[in-house]
Amino acid sequence: ISQGAADGGPRGVLGLLPPFLPRIRVPPPFLWKGRERQVLFYATATGPTLPGSERNLRTAVVEILKSSGLPFRGGIVNPGPPYPVPPPHLHVPAVSRARHGALLRTAMLCLAPAGNNPVTKRFLEILASGALALTTGLESVRWLRGRLRPGEHYVAIRDDLSDLAEKAAYYLDHADEAEVIARVEA
């Protein structure tokens, strides 16, 4: 994984095991100083449920962020069957892949909760974009141990999301610390 130079230089190609993940090519990110003070997360209501609950994890992320009072952009999109219909208060129109990439490069914080696998394409896109990644579930990934470390390369949030709003608020209020983590090369 290459996030680019610590001086804000261009980012490279992300190539990562397992081999079924395609290479992700991203343009250079905007400088940190131009990023919007917001949390970004667009998703479908698919993937795992919140531990100990019947609630969809991605839906729970949006509910927490919308009710937190933090500057949040995103929600649950409905691309149509076979995807579940999101609750009306969480539904947002879909954004194109190009628009989503542009949003990643301008937001300070982006969410990448575990999907069907702990390491998601979204997580890799966030790392490559230069935003600060908040994610769940990476501690269980053996091949990442010692390579990507919480607090150094990304911010770990609890699998039950109980610290999501608190950590998002902290890093929005401490942009200098967020920038240090977001700029570390993996």
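As the structure is a prediction and not an experimental result, all values here were calculated from the model.
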Are any non-hydrogen side-chain atoms of [X] and [Y] less than 4.5 angstrom apart?
X	Y	value
Leu161	Leu57	yes
Leu40	Thr106	no
Glu125	Arg97	yes
Leu90	Lys66	yes
Leu111	Thr135	no
Leu104	Ile126	yes
Pro86	Val77	no
Glu63	Arg55	yes

Check step by step if side-chain contact (heavy atoms from CB on, under 4.5 Å) holds for Leu103 and Arg73. CA-CA 9 Å; Leu103 291 170; Arg73 175 180 245 164; 3.1 Å; yes
Check Glu179 with Arg35, please: is the shortest side-chain N to carboxylate O separation under 4.0 Å? no
d(Leu124 CG, Ser129 OG) to nearest 0.5 Å is 11.0 Å
Which distance, rounded to the nearest 0.5 Å, do you find between the OH of Tyr83 and the CG of Asn78? 10.5 Å
Return the set of residues passing side-chain contact (heavy atoms from CB on, under 4.5 Å) with Ala168 (not counting sequence neighbours), or none when no residue passes. Val39, Leu70, Leu109, Leu134
Connected via hydrophobic side-chain network under 4.5 Å: Val61 and Tyr170: yes
Give a yes or no on this: more than 12 heavy atoms of other residues, nucleotides or ligands lie within 6.0 Å of atom CD of Glu177. yes
When the aromatic ring centroids of Phe41 and Phe72 are compared, is their separation below 6.0 Å? no
Residues 36-54 vs side chain to side chain donor-acceptor pair (under 3.5 Å), sequence neighbours excluded, gives Arg37-Asp173, Thr44-Thr46, Thr44-Arg58, Thr46-Arg58
Only residue of Asn56, Val85, Val62 satisfying side-chain contact (heavy atoms from CB on, under 4.5 Å) with Ile76 is Val62
